[in-house]
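This report refers to the structure that appears directly beneath it.
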Amino acid sequence: MVTMEDSYGKRRRGNPWICFGFVVCLLIVVVVMSTPVIMKSRTKSDVTTTMNNAKQIFYLMIEFDAEFGDFPSDSTAVDELAGCTGEFSNDYFAQFFAAGYTKSEEIFYAKGGSGIRKRPDNIITPRSELLSAGECGFAYIKNLSTENHAETPLLLAPMYGNGFKFNTDAYDGKGVVLQIDGAVKQLKLDELGNPLRKDGTGLFDAGKKSPWGEKGFDAANLCYAEGTYHFTPTLRGIFSLSDVFLGVIAVGFVSLMIWLIARPRTRVEKEPSISQA
């Protein structure tokens, strides 16, 4: 007996576009659910890199202080270091290169410390290419030396150029601070981006227990990294346009592969035999 399926010979089952749409929706759900984990992992990596870089700069600071009696400042910018001063931390860090302590720009990078997305390229000549905007992410407090209070902040990240505030998005509500004693700490930031010590006082507050003393901190000594920017707190601010673009391509590619594998296939039945007819 010939069935209806046999009489048609071919039969298509399911709607491929519905299957494709279901797979895409499923992948979107997976991506959305995994995003917090990915962001946390990337943030931890960024913080680790910044802390390691701060420690490397500290070693340069100690060598520099031993030779010049101070950390890079206006007073040390003489002879071969002349001209390595200015508005930004980049200008003072240039003294390390002029004095021959380093030829690498990479240790001066700190994500979120500059609004310009540029990684160090280690091009240090001419002078205009040395630690250009975006290649340095640390704010710097000048006019200090090893004779200052051990807990005095020296490097800070990621500051964006608005008073003493830090970017709250870059390191998951934390700020990285290098002290004169070489300790690199993560300080909690309040909702406005102000760094807080463990006792709840502000990093730049004056007081008897503060490294700034009763007079307080002199804001004229604070040098931001070149590339200051306007910051508006968001849910997260660590994904770049290239990350989004690559993510879309990846989702589309995987969706296509799954559809090609799982799509309904045409089934060809054998012709009914004479005995069946």
Side-chain angles (χ1 to χ4, degrees), residues 39-40 43-62 64-65 70-73 88-89 92-93 107-114 136-225 228-229 231-238:
M39 291 192 300
K40 185 175 182 179
T43 299
K44 184 176 181 179
S45 175
D46 292 333
V47 172
T48 300
T49 298
T50 297
M51 295 182 71
N52 289 339
N53 287 348
K55 196 70 174 182
Q56 294 301 313
I57 297 175
F58 171 73
Y59 297 138
L60 297 183
M61 289 283 184
I62 295 301
F64 193 95
D65 178 86
D70 288 295
F71 298 138
S73 63
F88 302 106
S89 60
Y92 291 95
F93 293 153
I107 64 172
F108 298 95
Y109 179 78
K111 186 171 183 178
S114 170
C136 172
F138 289 99
Y140 172 58
I141 299 177
K142 63 180 181 178
N143 296 325
L144 296 174
S145 70
T146 52
E147 295 182 359
N148 289 92
H149 192 288
E151 295 184 356
T152 303
L154 184 60
L155 301 180
L156 314 100
M159 300 188 78
Y160 58 93
N162 180 15
F164 304 145
K165 300 181 185 300
F166 284 58
N167 182 322
T168 55
D169 284 351
Y171 303 152
D172 197 21
K174 299 289 183 65
V176 174
V177 177
L178 169 70
Q179 299 179 166
I180 285 182
D181 61 2
V184 183
K185 296 185 176 182
Q186 293 185 57
L187 298 186
K188 183 178 180 180
L189 306 176
D190 64 19
E191 294 180 353
L192 299 177
N194 299 304
L196 304 175
R197 297 182 182 275
K198 288 185 177 181
D199 60 4
T201 60
L203 182 66
F204 296 95
D205 289 351
K208 293 182 179 180
K209 296 183 179 180
S210 168
W212 315 116
E214 295 290 349
K215 292 183 178 180
F217 175 66
D218 184 359
N221 290 327
L222 177 60
C223 301
Y224 305 112
T228 55
Y229 57 102
F231 169 67
T232 302
T234 57
L235 292 178
R236 294 292 300 176
I238 65 172

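Just so we're clear, the structure is a prediction, and the values are computed from it rather than from any experiment. Throughout, residue positions are numbered sequentially from 1 according to the sequence presented.
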For K142, what residues pass the salt bridge (Lys or Arg N to Asp or Glu O under 4.0 Å) criterion, not counting sequence neighbours?
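If we apply the salt bridge (Lys or Arg N to Asp or Glu O under 4.0 Å) test to K142, skipping adjacent residues, the hits are D74.
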
Are side-chain heavy atoms of [X] and [Y] found at a separation under 4.5 Å?
X	Y	answer
S210	D205	no
F204	P195	yes
M51	Q186	yes
M61	P72	yes
F138	I57	yes
Y59	I107	no
N53	F58	no

Are any side-chain N or O atoms of [X] and backbone N or O atoms of [Y], one a donor and one an acceptor, separated by less than 3.5 Å?
X	Y	answer
K55	G182	yes
N162	K165	no
N148	S145	yes

[atom2] on [Y] to [atom1] on [X], rounded to 0.5 Å:
X	Y	atom1	atom2	result
I62	I180	CD1	CD1	8.5 Å
L196	L203	CG	CG	9.0 Å
S89	F108	OG	CZ	9.5 Å
F93	C136	CZ	SG	5.0 Å

What is the minimum heavy-atom distance between [X] and [Y], and which atoms define it?
X	Y	result
A170	G112	CB-CA, 4.3 Å
G113	A225	O-CB, 3.6 Å
F166	V177	CZ-CG2, 4.4 Å
L178	A54	CD2-O, 3.5 Å

Whether the Y92 and S73 side chains hold a donor-acceptor pair (N or O, under 3.5 Å, no angle test) is what I'd like checked.
no

Is it the case that the side chains of T146 and D65 hold a donor-acceptor pair, with the cut-off being a distance below 3.5 Å and no angle test?
yes

Give the table of side-chain donor-acceptor pairs shorter than 3.5 Å for residues 149-159, with sequence neighbours excluded, one pair per line with atom names and distance.
residue, atom, partner, partner atom, Å
H149, ND1, E151, N, 3.0
T152, OG1, H149, O, 2.8

List the residues meeting side-chain hydrogen bond (donor to acceptor under 3.5 Å, both in side chains) with N194, not counting sequence neighbours, and say none if there are none.
D190

By side-chain hydrogen bond (donor to acceptor under 3.5 Å, both in side chains), T201 pairs with (sequence neighbours left out) D199

F64 and F71 aromatic centres sub-6.0 Å
no

Is the NZ or CZ atom of K174 positioned over Y171's six-membered ring, under 6.0 angstrom from the centre and within 45° of the axis?
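No - K174 does not lie over the ring of Y171 by the 6.0 Å and 45° rule.
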
Within residues 173-198 or reaching into it, pairs that qualify as ring pair (Phe, Tyr, Trp, His ring centres under 6.0 Å) - sequence neighbours excluded
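Applying ring pair (Phe, Tyr, Trp, His ring centres under 6.0 Å) to every pair that reaches into residues 173-198, excluding sequence neighbours, yields nothing.
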
Under 3.5 Å, which donor-acceptor pairs do the side chains of residues 217-224 form with other protein atoms, sequence neighbours left out?
residue, atom, partner, partner atom, Å
D218, OD1, A220, N, 3.1
N221, OD1, N143, ND2, 2.8
Y224, OH, G163, N, 3.1
Y224, OH, G163, O, 2.7

